[in-house]
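Before any comments, here is the structure.
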Amino acid sequence: MAVDPAYFAEMEARIPRGGVRTRFAPSPTGYMHVGNLRTALYAWLIARHAGGTFLLRIEDTDQERLVEDAAEVIYRTMAQCGLTHDEGPDIGGPVGPYIQTQRRDIYGRYAELLLEKGCAYRCFCTEERLAEMRARGGGKDVVKYDRHCLHLSEAEIREKLDAGIPYVIRQKIPEGRTTFSDVIFGEISVDNEELEDQILIKSDGLPTYNFANVIDDHLMGITHVVRGSEYLSSAPKYNLLYEAFGWDVPVYIHCSPVMRDAHNKMSKRHGDPSYEDLIAAGYLTEAVVNYVSLLGWSPGGEREIFSLRELAEVFDIKGISKSPAIFDPLKLNHFNAEWIKAMTPEAFHAAAEPWIRQSVKDPALDTAAIAALLQQRCEKLSDIPEKVDFFDALPDYDCALYVNKKMKTTLENCREALLFTLPELEALEDWSNDALAALLMKLAADRELKNGRVMWPVRVAVSGKQSTPGGATEICAILGREESLRRVRDGIARLEAAIAAAE
RNA sequence: GGCCCGGUGGUCAAGCGGCUAAGACACCGCCCUUUCACGGCGGUAACACGGGUUCGAUUCCCGUCCGGGUCACCA
């Protein structure tokens, strides 16, 4: 039971020194929400900006909440976002293992060390006794552990140990006041009276998050700890632990949460989107990363569009804000639209094609040409199917669509326009957008009409929709001669029926 | 409830004692235009409140209010 100094010396020797080291340490719940992604992103950016090391560690000490294959989602999300790690469970590294359940004996050893230093003690209290203690806690809402086991004698401890009574190891909080420093929040100081003798090692022998975190961050040489602000209140306890071990305290960066609205954090429970949900909803990874980076951080200038690489260049911890940020899907839409517009036509076509094909089944239709019309007009890829459904099949539209005040169109003049346009279209040899446009504009000019007087009825006839990506001629060019002419004739028939019905 | 933290337009935010208080999204209007978009131009809209400190407070201090976090053998 005596601690072995050589063991600790060896562990210390493994710690990489010099250079920035950050980590992302999720617990595998099978869900990577936007807040998690942002935390990972900031940790990654801090490391990359400094030319340091970024590592991934899986915190799976809660046996009751284990989710099958949950780590896969994390690996996948990180990889897709470009948040590459230099060390981690899948690729190893100098301070492994990187999965907490595989480090079990490490925590045990360090807990023993604390025991020997007199900074921790064994507690044999049962759940029942604890519950009782809280129950008779008087009028207080919250009751700290009463240190019932703090003063057990060696003999008593021995006796209980021999009897096989389960126990936990608790941190012994000293008297006084603890002050710690956070890059974002500055100096924070609390009275140790507020701190409980928290459990370090659970009765199942596994460490609590709080303990494992301190041990791992130290043994893995983490220089900058990035985590959510919900850990701000336990930071003093961490400091006390570092002090007890005689270790240097890392730089703390506590980030305020990403909110779904003014009162609630983004959460799985509320159905808020995970990274993968956003991708499935038609968002681009670049846009998500870009937008998320700006939720609670500002580069200072007026520029907002940044690639991951550019973010790594300009990222500065000082730009992280103290207050929570509400996730605004509308603004994400804007970033997505910007990233879509920035794509090459080829890249956009590749990304858009599956979405186009959701509603455009006819293999003869040119998805590249359709994509070209779409690129400036969609915010999310998921906007696409609804916008292009008319290519496949003309919807059963209402002739009221033909009447447009701004275009000065009526049922009658639309019928007239289609009637004089139809034979010209039938005679047109070059069925390209340019030729179609030249023809229709000439037809309008010959009659001293605004282009819209001809374009509008043709566009309505070939699309059957109020608005479309692309105008009359672009749609005709994509539909092809036969289908376009068929739809124009159909339009004439519909107009005649509508006019007859009106009379 | 105790303790900790926060509070600039609807949202994200710049600001760090002296500004007509940036910019972006959203919204509205105009222009462009073969629809819708894109683009261009313009507009509405904010320092939670009350005390100090100061020649001068959005900026510093105190209080109030509001909001968040935390007080587990969860992370």
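Lettering follows sequence order; numbering is per chain, from 1. Worth saying up front: this structure is predicted, and the values here are computed from it rather than measured.
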Legend entry - Residues that A:Asp105 engages under salt bridge (charged side-chain N to carboxylate O under 4.0 Å, His left out), provided they are two or more places apart: none

Legend entry - Length of the line joining A:Met407:CE and B:C32:C1', which is rounded to integer Å: 12 Å

Legend entry - Whole angstrom value for the distance that separates C1' of B:G1 from CZ of A:Arg134: 17 Å

Determine all donor-acceptor pairs shorter than 3.5 Å in which one atom belongs to a side chain in residues 340-347 of chain A; sequence neighbours excluded.
from     : atom 1 : to       : atom 2 : distance (Å)
A:Thr344 : OG1    : A:Ala347 : N      : 3.0

Inset, instruction - Inspect the contact between A:Glu416 and A:Arg447 and indicate whether a charged nitrogen and a carboxylate oxygen are less than 4.0 angstrom apart. - result: no

Legend entry - Given A:Asp216, A:Leu206, A:Ile169, A:Ile201, the one that forms side-chain contact (heavy atoms from CB on, under 4.5 Å) with A:Phe211: A:Ile201

Inset, instruction - Determine which pairs satisfy salt bridge (charged side-chain N to carboxylate O under 4.0 Å, His left out) with at least one residue from residues 452-469 of chain A, sequence neighbours left out, and list them in order. - result: A:Glu386-A:Lys465, A:Asp389-A:Lys465

Inset, instruction - Can you tell me, in whole Å, how much space there is between the C1' of B:U70 and that of B:A14? - result: 31 Å

Legend entry - Test: A:Asp182 and A:Lys322 ion pair at under 4.0 Å: no

Inset, instruction - Using a strict 4.0 Å threshold on nitrogen-to-oxygen distance, state whether A:Asp217 and A:Arg57 make a salt bridge. - result: yes

Inset, instruction - Could you check which of B:U34, B:U11, B:A13 has an atom nearest any side-chain atom of A:Ser298? - result: B:A13

Inset, instruction - Write down the distance separating the P atoms in B:C30 and B:C36, rounded off to the nearest Å. - result: 13 Å

Inset, instruction - Side chain of A:Lys406 only, please: which of B:C36, B:G6, B:A75 is the nearest? - result: B:C36

Inset, instruction - Would you indicate what A:Met441 reaches in the nucleic acid, counting non-hydrogen atoms under 4.0 angstrom: base, sugar-phosphate, or nothing? - result: nothing

Inset, instruction - Starting at atom CG of A:Asp204, determine the distance to atom P of B:C73, rounded to an integer number of angstrom. - result: 12 Å

Inset, instruction - Mind checking side-chain hydrogen bond (donor to acceptor under 3.5 Å, both in side chains) for A:Trp339 and listing every partner two or more places apart, or none if nothing turns up? - result: A:Asn290

Under-3.5 Å N/O pairs linking protein and nucleotides 7-9 of chain B:
none

Inset, instruction - Please tell me which of A:Glu187 and A:Gly470 maps to the more 5' nucleotide of RNA chain B, matching each residue to the nucleotide holding its nearest heavy atom. - result: A:Glu187

Inset, instruction - Go through the side-chain N and O atoms of A:Thr367 and A:His349 and say whether any donor and acceptor fall under 3.5 Å apart. - result: yes

Inset, instruction - Could you list all the salt bridge (charged side-chain N to carboxylate O under 4.0 Å, His left out) pairs where at least one residue sits in residues 400-409 of chain A, not counting sequence neighbours? - result: none

Legend entry - Side-chain donor/acceptor contact of A:Arg377 with base of B:C38 under 3.5 Å: no

Inset, instruction - Give the nucleotide from the list B:U34, B:C73, B:C38 with an atom nearest to the side chain of A:Gln376. - result: B:C38

Legend entry - B:C25 to B:U35 separation - P atoms, rounded to the nearest Å: 24 Å

Inset, instruction - Using only side-chain N and O atoms of A:Ser256, determine if any of them is under 4.0 Å from OP1 or OP2 of B:G6. - result: no

Legend entry - Euclidean distance, atom CZ of residue A:Arg459 to atom P of B:A37 [Å, nearest integer]: 11 Å

Inset, instruction - Check the distance between B:C71's P and A:Met133's CE and give it to me in whole angstrom. - result: 14 Å

Legend entry - Test: A:Arg227 cationic atom under 6.0 Å from A:Tyr238 six-membered ring centre, within 45° of axis: yes

Inset, instruction - Describe the nucleic acid contact of A:Ala472 in one word from base, sugar-phosphate, nothing, applying a heavy-atom distance below 4.0 Å. - result: base

Between the protein and nucleotides 24-26 of chain B, are there any N/O to N/O pairs under 3.5 Å, and if so, what are the atom names and distances?
from  : atom 1 : to       : atom 2 : distance (Å)
B:A24 : O2'    : A:Glu304 : OE1    : 2.5
B:A24 : O2'    : A:Lys331 : NZ     : 3.3
B:A24 : N3     : A:Lys331 : NZ     : 2.8
B:C25 : OP1    : A:His334 : NE2    : 3.4

Inset, instruction - Would you classify A:Gly228 as touching base, sugar-phosphate or nothing, given that sugar-phosphate means primed atoms plus P, OP1 and OP2, and contacts are heavy atoms under 4.0 Å? - result: nothing

Inset, instruction - For nucleotides 42-49 of chain B, just jot down a letter per nucleotide in 5' to 3' order: B, S or -, based on protein non-hydrogen atoms under 4.0 Å. - result: --------

Legend entry - Heavy-atom donor-acceptor pair, A:Asp191 side chain to A:Glu194 backbone, under 3.5 Å: no

Taking only nitrogen or oxygen atoms into account, show me every contact under 3.5 Å that the protein makes with nucleotides 2-4 of chain B, one pair per line with its distance.
from : atom 1 : to       : atom 2 : distance (Å)
B:G2 : O2'    : A:Glu194 : OE2    : 3.3
B:C3 : O4'    : A:Glu194 : OE1    : 3.3

Legend entry - A:Glu196, nearest nucleotide to its side chain (from B:A75, B:C71, B:U34): B:C71

Inset, instruction - Just call it for A:Tyr231: base, sugar-phosphate, or nothing, with non-hydrogen atoms closer than 4.0 Å on any strand. - result: base

Inset, instruction - Mind checking ring-ring contact (aromatic ring centres under 6.0 Å, His included) for A:Tyr397 and listing every partner two or more places apart, or none if nothing turns up? - result: A:Tyr402

What protein N or O atoms touch nucleotides 66-68 of chain B N or O atoms at under 3.5 angstrom, if any, and at what distances?
from  : atom 1 : to       : atom 2 : distance (Å)
B:G67 : O3'    : A:His263 : ND1    : 3.2
B:G68 : OP1    : A:His263 : ND1    : 3.3

Legend entry - Minimum-distance pair of heavy atoms, taken over all atoms of A:Ile188 and A:Phe185: CD1-CB, 3.9 Å

Inset, instruction - Respond yes when some side-chain nitrogen or oxygen of A:Lys318 is under 4.0 Å from OP1 or OP2 of B:C16, and no when none is. - result: no

Inset, instruction - Run the salt-bridge test on A:Asp490 and A:Arg487 with the 4.0 Å N-O cut-off and return the result as yes or no. - result: no

Legend entry - Euclidean distance, atom CZ of residue A:Phe327 to atom P of B:U11 [Å, nearest integer]: 16 Å

Legend entry - 5' priority, RNA chain B, between A:Asn404 and A:Phe185 [closest heavy atom]: A:Phe185

Legend entry - Under 4.0 angstrom between A:Lys144 side-chain N/O and B:U70 OP1 or OP2: no

Legend entry - B:G51 and B:G42, which share atom name C1', separated by this distance in whole Å: 41 Å

Inset, instruction - Kindly write out the residues that satisfy ring-ring contact (aromatic ring centres under 6.0 Å, His included) with A:His334, not counting sequence neighbours, or none if the list is empty. - result: none

Inset, instruction - Measure from NZ or CZ of A:Arg122 to the centre of the six-membered ring of A:Phe124 and say whether it is under 6.0 Å with the direction within 45° of the ring axis. - result: no

Inset, instruction - Working to the nearest 0.5 Å, report the span between SG of A:Cys414 and CE of A:Met407. - result: 11.0 Å

Inset, instruction - Taking only the side-chain heavy atoms of A:Lys341 (C-beta and beyond), determine which of B:U35, B:A72, B:G39 contains the nearest atom. - result: B:G39

Inset, instruction - If the glycosidic angle is within 90 degrees of 0 it's syn, otherwise anti, so just tell me which one B:C25 is. - result: anti

Inset, instruction - Under 4.0 Å between any heavy atoms, over every strand shown, what does A:Cys125 touch: base, sugar-phosphate, or nothing? Just pick one. - result: base

Inset, instruction - State whether the distance check finds a donor on one side and an acceptor on the other, under 3.5 Å, for side chain A:Thr468 versus base B:U35. - result: yes

Inset, instruction - Would you indicate what A:Ser321 reaches in the nucleic acid, counting non-hydrogen atoms under 4.0 angstrom: base, sugar-phosphate, or nothing? - result: sugar-phosphate

Legend entry - Residue from A:Gln171, A:Arg170, A:Lys237 passing side-chain contact (heavy atoms from CB on, under 4.5 Å) with A:Leu200: A:Gln171

